[in-house]
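First comes the structure, then the notes that go with it.
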Amino acid sequence: MPTRLSSYFLRTLREDPSDAEVASHVLLVRAGYIRRQAPGIFAWLPLGLRVKAKIEAIVRDEMAAAGAFEVHFPALLPKEPYEITGRYDEYGPGMFRLNDRKDAGLVLAPTHEEVFTLLVKDLYNSYKDLPLTIFQIQDKYRDEARPRAGLLRGREFTMKDAYSFDYTDAGLDASYQAQRDAYERIFTRLGLEYVIVKADAGAMGGSKSEEFLHPTPVGEDTFVRSAGGYAANVEAFTTLAPDAKPLEGLPAAEVHDTPDTPTIQSLVDAANADHPRADGSAWTAADTLKNVVLTLVHLDGTRELVVIGLPGDREVDLKRAEVAFAPAEVEAANEADFAKHPGLVKGYIGPWSTGGAVLGDGSSTGIRYLVDPRVVDGTQWITGANVPGEHVFGLVAGRDFVADGTIEAAEVLAGDPAPDGSGPVELARGMEIGHVFQLGRKYAEALGLKVLDENGKLVTVTMGSYGIGVTRILAIIAELNNDDKGLIWPPTVAPFDVHVIATGKDPAIYEAAERVVLDLEAKGLDVLFDDRPKVSPGVKFGDAELIGVPTIVIVGRGVADGVVELWDRRSGERTQVALDAVAASFR
RNA sequence: CGGAGUAUAGCUCAGUUUGGUAGAGCACCUGGUUUGGGACCAGGGGGUCGUAGGUUCGAAUCCUGCUACUCCGACCA
């Protein structure tokens, strides 16, 4: 049976909704696919559900091809499993939490690692049952501080999440690869451009991790890539450190007066004016060692001051710092933090003073001191002397000061060398559409998932976790496929295959349209039939363009001559076809 | 969480400056006309003007508090 617009649950809007900004959001609401329920939470209408189902069908198809089995968990879960793995605390305010009438704690799951692990623990005990990959398509909940851009960043979103279970590392590698391959096929079938980048495992824990990013300027992720094939999320980028240099023969450090130079720029200007370099070349910001004071807020709420030393031509990238210090939160140090450490002279902080070490283990302040990987032994720096208006020149790393370690917290700049030697990187923005992780044994260990191996020995299972954002993908496809008239769905995900419009007052037109619809359905096509009487042609054409079914058949005035028009939504091209040849013109 | 803005009919908005009977277009209902680009005529239903308090003879309009939403930023699949 065709879907008849005269009785379909659909209302299109003539005007843009005032609360929508991006094209996908505006058009999905206007064309009657979704309705906003609360910020970042949407109701799905019949048209929207059809597109969602199309995307899910492709995902299911490839999951089955990859040997994964579908299950379905509740979105509402007890909090205990999340407490056991520590994620109840680590996830922070991003997780929806609630209590039932008995005051038992529940969560709306942001992801389902814990309960999948427990399910397998319940049912499986032997290595013979592995490998196993199971998945679900389920709504996830994350209490985003600021949901935005409609479906692109919501608080409720549909995700396909798969979990693999192996008892050997090689097995995990194979399971991971199978999902990774499936993802490539899924995104290819959906016609979505993607880049696979090295990623940080973040709150999930685990080791190897890659993100599938759709390159777009509006993406929330910054990633780097080199011509030689290296690609990584900036959060996972590792700095290519130069070789250490010999310490012998380097001149002694000298303290100079540098009044009113609290910033790197003012310091460089003063250095060039008053203390030019011996060989005559100019000092630059890269010759200075900037010491940035950060406060770590640990999970138990304690605050720890830490100083990061990095070349003065770079800023600290807070996201990278967060990753480096996870699960602690990172903040800029505030006045109260400084007040507790009078040894820190704002604007003139450095690891060294005439009185000895100022930063690091065993120093006068005892504050943890971590440096950028570029600060290798034998490098010489201009940096604060811990006295107002004074800097030390030629301070040598490894001789005059020793850091407690290195840290990947400096911003990544275009032109930085890729860590694998494949050349300089460029920066680009992308939106995460898939993520594959090797979780390793973190969850299995915490929740006690073990199996007996060939030798009858209990071994802890190793796991992978694999996510695809279904509703986000739907939004991206809508974002990529529209014009000023409305949506233009690719045939693979369109809510219908054909949109038949009957327009005219002659009853023969409607009779002809009914026959066309039957012919099309006989070919196995999903038909949306605009049979609305007393609706003017302009409205029908406008709605068809707004809804965005790829092919539109206009049954109207041509019926008298035995022809109808095929209208390609994307190209706008219209061709005349004989009435009885319409169905044959579809593959 | 910082900054900006908005809140009046189902939707998009005017009215607030200067207090005096609640408005328009679209959508919806009835009847008629119309049918290849968002038609026309006639009639109709629908709003405690976000919320609480205050000023006033009288508040959508002035004052104060609160709340919600949107955008930018921080954060985030």
Side-chain angles (χ1 to χ4, degrees), chain A residues 11-22 25-26 29-30 32 35-41 91-95 109-111 139-161 199-200 202-204 209 211-214 219-221 233 235 317-319 321-323 329-332 430-437 465-473 475-476 485-486 501-507 509-510 530 532-546 552 554-560 564-565 567 572 574 576:
Chain A
R11 171 114 316 135
T12 56
L13 274 33
R14 187 171 296 199
E15 282 168 290
D16 290 348
S18 64
D19 60 356
E21 202 76 9
V22 299
H25 189 191
V26 169
V29 171
R30 264 193 66 196
R35 297 291 296 172
R36 198 193 73 105
Q37 205 65 39
I41 300 177
Y91 229 103
M95 182 149 68
T111 65
D139 291 340
K140 305 295 183 192
Y141 297 85
R142 300 196 189 164
D143 193 2
E144 300 291 342
R146 178 153 106 81
R148 69 183 94 179
L151 256 26
L152 284 173
R153 236 157 299 176
R155 293 192 293 174
E156 180 189 75
F157 54 96
T158 304
M159 182 166 143
K160 185 286 308 179
D161 49 325
D200 165 64
M204 300 295 175
S209 166
E211 280 173 8
F212 287 71
L213 296 183
H214 174 74
E220 84 266 300
D221 279 303
N233 193 304
E235 290 161 37
D317 182 328
L318 275 178
K319 275 186 165 184
E322 289 267 4
V323 168
E329 303 262 306
V330 180
E331 297 176 4
M431 178 154 291
E432 184 174 349
I433 51 178
H435 202 153
V436 290
F437 292 93
S465 148
Y466 317 94
I468 283 185
V470 172
T471 41
R472 172 175 277 189
I473 283 171
I476 291 176
K485 297 276 177 41
I501 292 176
T503 178
K505 57 180 173 183
D506 187 348
I509 287 172
Y510 286 82
D530 193 345
R532 292 175 293 180
K534 303 200 171 196
V535 171
S536 69
V539 171
K540 292 184 175 182
F541 294 154
D543 278 347
E545 287 169 311
L546 185 57
I552 302 154
I554 308 171
V555 183
R557 61 189 175 196
V559 167
V564 300
E565 279 171 89
W567 182 16
R574 295 188 190 190
Q576 293 214 332

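Letters go in sequence order (proteins before strands), and every chain restarts at 1. All values below come from the heavy atoms of this structure, side chains included, with hydrogens, waters and symmetry mates left out. None of these values were measured; they are calculated from a predicted model.
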Margin query: So, OP1 or OP2 of rU12(B): does either fall under 4.0 Å of a side-chain N or O from Ser18(A)?
Written below: yes
* Asked: Do Arg472(A) side-chain atoms and Leu152(A) backbone N/O form a donor-acceptor pair below 3.5 Å?
  -> yes
pair_partner(rG5(B)), Watson-Crick or wobble, both distances < 3.5 Å, evaluates to rC69(B)
- Message: Mind checking if Gly430(A) touches a base, just sugar-phosphate, or nothing, with heavy atoms under 4.0 Å?
- Response: nothing
Glu220(A) atom CD is separated from rG73(B) atom P, nearest whole Å, by 13 Å
Of rU70(B), rA74(B), rU34(B), the nucleotide closest to the side chain of Pro39(A) is rU70(B)
Checklist entry - Looking for any heavy atom pair under 4.0 Å, which part of the strands does Glu545(A) touch: base, sugar-phosphate only, or nothing? => result base
note: Ile501(A), atom CD1; rU35(B), atom P; distance rounded to Å ~ 18 Å
**Asked** Given the P atoms of rG58(B) and rG53(B), what is the spacing between them in whole Å?
**Response** 16 Å
>> Please check: side-chain N/O of Lys140(A) versus main-chain N/O of Lys160(A), any donor-acceptor pairing under 3.5 Å?
In response: no
Rounded to whole Å, the CD-C1' distance (Gln37(A) to rA68(B)) equals 15 Å
When the C1' atoms of rA27(B) and rG19(B) are compared, how many Å lie between them, rounded to an integer?
33 Å
By nearest-heavy-atom nucleotide on RNA chain B, the more 5' of Arg148(A) and Gly538(A) is Gly538(A)
Paired to rC26(B) by Watson-Crick or G-U wobble criteria (both distances under 3.5 Å) is rG10(B)
Side-chain atoms of Pro17(A) come closest, of rU12(B), rU35(B), rG38(B), to rU12(B)
Quiz item: Gly467(A) near the nucleic acid: base, sugar-phosphate alone, or nothing, with a heavy-atom cut-off under 4.0 Å?
Solution: nothing
Assert: residue with more 5' nearest nucleotide on RNA chain B, out of Gly542(A) and Ala20(A), is Gly542(A)
Across every strand shown, the nucleotide meeting Watson-Crick or G-U wobble geometry with rA39(B) (both distances under 3.5 Å) is rU33(B)
- Message: Distance check, C1' atoms only: rA42(B) and rG54(B), in whole angstrom units.
- Response: 47 Å
Whole-Å distance, Arg36(A) CZ to rU12(B) P, equals 11 Å
With the side chain defined as heavy atoms from C-beta on, Glu15(A) is closest, among rA39(B), rU12(B), rU34(B), to rU12(B)
I'd like the C1' distance from rU18(B) over to rC29(B), given in whole Å.
40 Å
How far does the C1' atom of rG65(B) sit from the matching atom of rU55(B), given to the nearest Å? 15 Å
Arg532(A) atom CZ is separated from rA27(B) atom P, nearest whole Å, by 12 Å
From the candidates rU35(B), rC71(B), rG38(B), the one with an atom nearest any side-chain atom of Arg14(A) is rG38(B)
Using Watson-Crick geometry (N1-N3 plus N6-O4 or O6-N4) or G-U wobble (N1-O2, O6-N3), each under 3.5 Å, rU55(B) is paired with none
**Prompt:** Distance-only, no hydrogens or angles: does the Lys540(A) side chain make a donor-acceptor pair with backbone N or O of Ala502(A) under 3.5 Å?
**Reply:** yes
If only atom types and distance count, is the side chain of Thr503(A) paired as donor or acceptor with the main-chain N or O of Gly556(A) below 3.5 Å?
no
In whole angstroms, the gap separating P of rU35(B) from CZ of Phe541(A) amounts to 14 Å
- Looking across every strand, which nucleic acid part, if any, lies under 4.0 Å from Asp16(A) by heavy atom: base, sugar-phosphate, or nothing? sugar-phosphate
Taking a pair to mean Watson-Crick or G-U wobble geometry with both distances below 3.5 Å, rG46(B) pairs with none
(Q) Suppose you measure atom C1' in rG45(B) against the same atom in rC72(B); what distance do you get, rounded to whole Å? (A) 42 Å
Separation of rG38(B) atom C1' from Asp530(A) atom CG, nearest Å, is 13 Å
Original post:
Using the C1' atom in both, what is the distance from rC76(B) to rA60(B), to the nearest Å?
Top reply: 39 Å
Sorted by chain and number, sequence neighbours left out, side-chain contact (heavy atoms from CB on, under 4.5 Å) with Glu545(A) holds for Lys485(A), Trp567(A), Arg569(A)
Using a 4.0 Å heavy-atom cut-off across all strands, classify Gly154(A) as base, sugar-phosphate, or nothing.
base
Using atom C1' in both nucleotides, what's the gap between rC26(B) and rG20(B) to the nearest angstrom? 31 Å
Looking for any heavy atom pair under 4.0 Å, which part of the strands does Glu211(A) touch: base, sugar-phosphate only, or nothing?
-> nothing
Thr158(A) and Asp139(A) have their tightest heavy-atom pair at OG1-OD1, 2.7 Å
Pairing partner of rU16(B), by Watson-Crick or G-U wobble and under 3.5 Å for both distances, is none
By the Watson-Crick or G-U definition, both distances under 3.5 Å, rC76(B) is matched with none
By the Watson-Crick or G-U definition, both distances under 3.5 Å, rU21(B) is matched with none
With a 4.0 Å cut-off on heavy atoms, is Lys540(A) in touch with a base, just the backbone sugar-phosphate, or nothing at all? nothing
Sorted by chain and residue number, the side-chain contact (heavy atoms from CB on, under 4.5 Å) partners of Arg36(A) (sequence neighbours excluded) come out as Asp19(A), Pro39(A), Phe42(A)
To the nearest angstrom, the CZ-P distance between Arg146(A) and rA4(B) comes to 15 Å
- With distance as the sole test, does Arg30(A) use its side chain to make a donor-acceptor pair with the main-chain N or O of Leu13(A) at under 3.5 Å? yes
